[in-house]
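Remarks on the structure that follows.
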Protein chains: 2
Amino acid sequence: MVQHHPRANPLFLRDEELRQAIELLFYAYRDFTGEPDAILNKYGFGRAHHRVIYFVGRNPGITVSQLLRILKITKQSLSRVLSQLVREEFVAQRTDSDDRRRRMLYLMPKGEELERLLTERQSRRIARAYREAGAEAVEGFRTVLRGIINEEDRRRVTLAGSGRR
Amino acid sequence: MVQHHPRANPLFLRDEELRQAIELLFYAYRDFTGEPDAILNKYGFGRAHHRVIYFVGRNPGITVSQLLRILKITKQSLSRVLSQLVREEFVAQRTDSDDRRRRMLYLMPKGEELERLLTERQSRRIARAYREAGAEAVEGFRTVLRGIINEEDRRRVTLAGSGRR
DNA sequence: CATTTACGTCAGTCTCGTTGACATATATGC
DNA sequence: GCATATATGTCAACGAGACTGACGTAAATG
């Protein structure tokens with residue numbers, strides 16, 4: 001499907017290499033979200049609901065504004081899916097006693113169950129890839145992905161989980 | 001933000017590790033598409049147009065059905081953006097002389113220019129991450145991403161570009 | 001010549017992103 | 001205490017981009 005002759009010029013390798021990365025990211029993300037999307041469909045939810053459920057499950061007590069900073073969407077976009085999740089009892093809100101303007105978010109049993117279901121699928125996919133690739137490759141995978149993320153958000157994924165291996 | 005005590009149980013490490021991967025993918029893809037999205041906006045285009053322009057540029061002469069297999073969207077969804085790109089002269093269609101049912105797709109000058117602009121941004125981001133991570137990490141990054149992709153599509157990103165380092 | 005393939009299109013639906021304005025409750029600085 | 005800032009929610013309106021199912025046409029193919 002791609003028909004350059006290898007090494008047409010000294011820049012070829014680099015350009016080819018970078019395009020390969022672009023495509024890997026596209027295909028990987030496409031398939032990574034494909035399975036959950038299918039499940040969410042049955043619940044009448046979409047990918048946006050998944051993201052909320054995931055990050056609330058991961059950070060119990062997270063506030064709306066913190067969630068907005070993670071998702072980088074507008075208040076309105078979040079509000080639509082969040083209020084639906086609250087209405088259908090997947091997510092609970094509790095007023096923060098320290099600052100009563102804040103609403104802290106938690107998963108309810110239904111939400112935890114769905115979260116487990118979705119995360120399980122994605123984890124299985126990652127675990128398989130990790131197992132096949134080996135520990136060293138995993139470390140490289142993380143390093144490069146971290147480098148792709150805007151600097152101001154890198155800490156979000158580095159505090160926990162790395163550094164031991 | 002995450003407040004487990006490390007090593008609560010033997011499964012912790014693995015679960016934590018997998019969740020970290022999930023988050024890395026989310027943030028990386030979010031930021032990876034963020035820049036192009038902003039540019040596309042000025043053209044009145046969206047991410048779907050980007051994907052078409054990218055893959056047509058990458059595979060000159062690609063047919064509609066091949067493109068559908070890559071994007072995994074419906075004919076109707078593709079049709080909307082493709083016909084717009086053709087109408088505005090970013091993409092050209094030419095009937096295949098071998099099989100005159102097929103329409104082969106090519107970028108026109110405007111399309112090439114936009115493709116360059118978008119790919120440049122994404123490439124720059126990847127190149128920076130690659131440079132900072134080193135050759136070994138890059139190899140690991142590719143290996144793991146390939147493992148995440150559904151098997152039937154892995155060859156799409158492996159034929160060219162890998163194996164030399 | 002019947003069937004399959006490639007492509008396009010019509011109508012309708014839904015999710016999920018956007019903007020801008022406005023309302024309310026609470027916290028905070030002076 | 002009052003002005004201001006912050007956290008949240010909500011309304012109306014819009015647009016992109018995914019979906020389904022049906023139908024039509026042209027060309028290839030067995």
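Computation of the quantities below employed the complete heavy-atom set of this structure, encompassing side-chain atoms and omitting hydrogens, waters and symmetry-equivalent molecules. First the proteins, then the strands, lettered A, B, ... as listed; each starts at 1.
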Nucleotide nearest A:Arg102 when distance is taken to its side chain, options D:dC19, D:dT8, C:dC16: D:dT8
Hydrophobic clusters join Ile, Leu, Val, Met, Phe, Trp and Tyr when side-chain heavy atoms are under 4.5 Å apart, directly or via other members; which others share one with A:Tyr106?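 Members other than A:Tyr106 - counting any ILVMFWY side chain reachable under 4.5 Å - are A:Met104.
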Can you tell me how far [atom2] of [N] sits from [atom1] of [X], to the nearest Å?
{"X": "A:Leu40", "N": "C:dC14", "atom1": "CG", "atom2": "P", "value": "17 Å"}
{"X": "A:Ile62", "N": "D:dA7", "atom1": "CD1", "atom2": "P", "value": "14 Å"}
{"X": "B:Ile73", "N": "C:dG8", "atom1": "CD1", "atom2": "P", "value": "13 Å"}
{"X": "A:Leu68", "N": "D:dT10", "atom1": "CG", "atom2": "P", "value": "14 Å"}
{"X": "A:Leu82", "N": "D:dT10", "atom1": "CG", "atom2": "C1'", "value": "13 Å"}
{"X": "B:Leu85", "N": "C:dG8", "atom1": "CG", "atom2": "P", "value": "13 Å"}
{"X": "A:Lys72", "N": "C:dG17", "atom1": "NZ", "atom2": "P", "value": "14 Å"}

Inter-axis angle, terminal five-pair segments of the helix from C:dC1-D:dG30 to C:dC30-D:dG1 [nearest 10°]: 30°
Below the 4.0 Å mark, does [N] have OP1 or OP2 next to a side-chain nitrogen or oxygen of [X]?
{"X": "A:Gln84", "N": "C:dC16", "answer": "no"}
{"X": "B:His49", "N": "D:dG17", "answer": "yes"}
{"X": "B:Ser83", "N": "C:dG8", "answer": "no"}
{"X": "A:Arg103", "N": "D:dG9", "answer": "yes"}
{"X": "A:Ser65", "N": "D:dA7", "answer": "no"}

Do you know which two heavy atoms are closest between A:Gly111 and A:Ile53, and how far apart they sit?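 Of all heavy-atom pairs spanning A:Gly111 and A:Ile53, the closest is O-CG2, 3.9 Å.
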Test side-chain hydrogen bond (donor to acceptor under 3.5 Å, both in side chains) applied to B:Glu35 and B:Arg124, B:Gln122, B:Arg125, the passing residue: B:Arg125
So which one's nearest nucleotide on DNA chain C is more toward 5', B:Arg80 or B:Thr63? B:Thr63
Starting at the 5' end of DNA chain C, which residue's closest nucleotide do you reach first, B:Arg69 or A:Arg47?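 The residue mapped nearer the 5' terminus is B:Arg69.
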Could you tell me the separation between the OH atom of A:Tyr54 and the CG atom of A:Leu118, rounded to the nearest 0.5 Å? 11.5 Å
For each nucleotide in nucleotides 19-30 of chain C, reading 5' to 3', give B when a protein heavy atom comes within less than 4.0 Å of its base, S when such contact involves only the sugar-phosphate, and - otherwise. B-----BBS---
Do side-chain atoms of A:Arg142 reach the backbone of B:Ala21 as a donor and acceptor pair under 3.5 angstrom? no
pair B:Ile70-B:Gln66: side-chain heavy atoms closer than 4.5 Å: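 No. Closest side-chain heavy atoms not under 4.5 Å.
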Is B:Arg116 paired with B:Glu113 through a side-chain N to carboxylate O contact shorter than 4.0 Å?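 No, no charged N to carboxylate O under 4.0 Å.
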Kindly assign one of parallel, tilted or perpendicular to the pair B:Tyr27 and A:Phe55, based on the angle between their ring planes and the thresholds 30° and 60°.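 Taking A:Phe55 first and then B:Tyr27, their aromatic rings sit tilted (interplane angle of 30° to 60°).
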Sole candidate of B:Gln93, B:Arg102, B:Arg101 that passes side-chain contact (heavy atoms from CB on, under 4.5 Å) when paired with B:Thr63: B:Arg102
